[in-house]
Amino acid sequence: MRTPGGVMLLFLSFALLLTGCSARRVLVGTAPVASAASVALLPSANRDVEYLSSALKMSASIGDESLSVKGKLRVKENEGVQISATALGLMEAACLEFLPYTVKLIYKIDRIYAEAPYALLPFMSDTGTGYTILESVLLNRMFSPDGTPFRKAVKSMRIVDEGDYITVTTSADNPVVYKFYIDKSNGNLVRSDGAHSGGGSVVCRYSDFTDFNGTPFPRMVELSFSSDVTSASLLLRMSSLKSDKFVFSPRKVSKAYKRVSLDGIVESVGEIE
């Protein structure tokens, strides 16, 4: 089943994200990867982006349904993500938050909001994606599905030289197996694939790398999700990224706002340009 609500679920599930790059438009990369042993030294194996603020353009689609949003992004590692969507580029129309245990959307124009745990978001549950995994995928870093940092779990992963790429595959002991593709010519992590034992899958492609705090980071992130019942895609474009510190404070919902379903907000929002 493909519904407009699915578009917002996808949008919510990945609005987070994303993270880090700089506004400098230069082609960057680490030293070429000469062997499997080089992998442990790559930025994607040691990624640490504590703060991120950015201008953001996002578009999502499911079948014939689509959603486009422009706004600002604020991410604090391990605490959450806030996306402030603007209407006509002048005023905040909506605020999206991804927190460790819940996702929240506040639509100010109609004074309504929706909130739900990740387990109730199809594009998260069907692919076995929780907050920690989602943050890692969008921070362009390699990880273990149980949340263990790559550098501590590398012994349980399979590293193979496949010509143009070195691939890193996580242990089959977890419900989701991830495979990471590293471009041997520059050391950048350019793709992450996740396959859930229940049949769902997620693919993330990274491009338009630039320097961010001394390491290469993608400005463009393309995600696609599929399961037995639906498929969807999301494109994220980031600019004017900064790593300045800020206090992350989850938004409080006014008592004057009415709680509704995510589908109900989608019917109200449509497209925010």
Side-chain angles (χ1 to χ4, degrees), residues 8-24 43 47-60 67-109 113-118 121 124 129-141 143 204 206 208 210-215 217-223 234-254 257 262 265 269 272-273:
M8 182 56 76
L9 291 177
L10 175 65
F11 173 50
L12 285 170
S13 299
F14 293 96
L16 169 306
L17 309 247
L18 307 152
T19 103
C21 3
S22 115
R24 270 198 299 161
R47 185 74 70 190
D48 184 16
V49 179
E50 187 174 0
Y51 296 93
L52 170 75
S53 57
S54 167
L56 182 67
K57 293 181 180 179
M58 304 193 318
S59 60
L67 175 69
S68 297
V69 175
K70 296 179 181 179
K72 297 179 180 180
L73 169 71
R74 280 158 54 95
V75 179
K76 186 174 181 182
E77 193 173 29
N78 299 323
E79 292 193 22
V81 175
Q82 288 179 334
I83 293 180
S84 177
T86 58
L88 302 176
L90 300 175
M91 58 177 287
E92 183 180 75
C95 180
L96 307 175
E97 289 189 332
F98 286 84
L99 304 173
Y101 301 103
T102 189
V103 178
K104 184 190 304 178
L105 169 59
I106 304 171
Y107 187 49
K108 293 186 174 182
I109 294 177
Y113 77 99
E115 186 171 5
Y118 290 90
L121 300 178
M124 304 293 281
T129 305
Y131 178 82
T132 301
I133 298 302
L134 180 61
E135 185 179 84
S136 293
V137 168
L138 292 161
L139 284 172
N140 185 240
R141 64 188 178 201
F143 56 90
C204 183
Y206 308 99
D208 193 17
T210 189
D211 179 77
F212 180 62
N213 288 348
T215 63
F217 205 99
R219 271 189 293 257
M220 185 176 295
V221 178
E222 300 174 80
L223 297 118
L234 179 72
L235 175 63
L236 304 155
R237 299 174 184 271
M238 295 161 280
S239 61
S240 302
L241 294 172
K242 299 178 181 179
S243 59
D244 299 341
K245 292 184 177 181
F246 58 83
V247 176
F248 185 90
S249 300
R251 295 287 181 86
K252 294 182 178 180
V253 180
S254 169
Y257 281 45
L262 290 171
I265 289 188
V269 174
I272 301 176
E273 294 289 358

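With a 4.5 Å cut-off on side-chain heavy atoms, Y118 and T129 do not count as touching. By the 4.5 Å heavy-atom criterion applied to side chains, Y51 and K242 are not counted as neighbours. Between V49 and V75, every side-chain heavy-atom pair lies at or beyond the 4.5 Å cut-off. Taking 4.5 Å as the limit, some side-chain heavy atom of L223 sits within range of a side-chain heavy atom of V137.
In this structure, the separation between CZ on R251 and CG on L96 is 10.0 Å, given to the nearest 0.5 Å. The CG atom of L73 lies 8.0 Å from the OG atom of S53; values are rounded to the nearest 0.5 Å. Atom OG1 of residue T86 and atom NZ of residue K70 lie 8.0 Å apart, to the nearest 0.5 angstrom. The line from SG of C204 to CG of L134 is 9.5 Å long, rounded to the nearest 0.5 Å. Atoms CG and CG, on L241 and D211 in that order, are 11.5 Å from each other to the nearest 0.5 Å. Distance NZ/K104 to CD/Q82: 9.0 Å, rounded to 0.5 Å.
Among all heavy-atom pairs drawn from S54 and M238, the shortest one is OG-CB, 3.7 Å. The shortest non-hydrogen separation linking Y107 to A93 is CD1-O, 3.4 Å. Heavy-atom minimum distance, E97 versus S249: OE2-O, 4.1 Å. Contact record, V253 with Y113: CG1-CD2, 3.4 Å, taken as the closest heavy-atom pair. Taking both residues in full, the closest heavy atoms of F248 and L99 are given as CE2-CD2, 3.7 Å, listed atom of the first, atom of the second, then distance. Between R74 and F246, the shortest heavy-atom contact is NH2-CD1, 3.2 Å.
A donor-acceptor distance shorter than 3.5 angstrom exists from the side chain of T102 to the backbone of A116, with no hydrogens or angles considered.
Shown here is K76, whose NZ atom has more than 12 heavy atoms of other residues, nucleotides or ligands within 6.0 Å.
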Give the C-alpha distance, both sets of side-chain angles, the deciding distance and a yes or no for side chain to side chain contact (heavy atoms under 4.5 Å, CB included) between E77 and D48.
CA-CA 8 Å; E77 193 173 29; D48 184 16; 3.0 Å; yes

Side chain to side chain contact (heavy atoms under 4.5 Å, CB included) evaluation trace for F212 with L52:
CA-CA 10 Å; F212 180 62; L52 170 75; 4.2 Å; yes

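Ion pair E135/R141 flagged as a salt bridge, since at least one NZ, NE, NH1 or NH2 atom sits closer than 4.0 Å to an Asp/Glu carboxylate oxygen.
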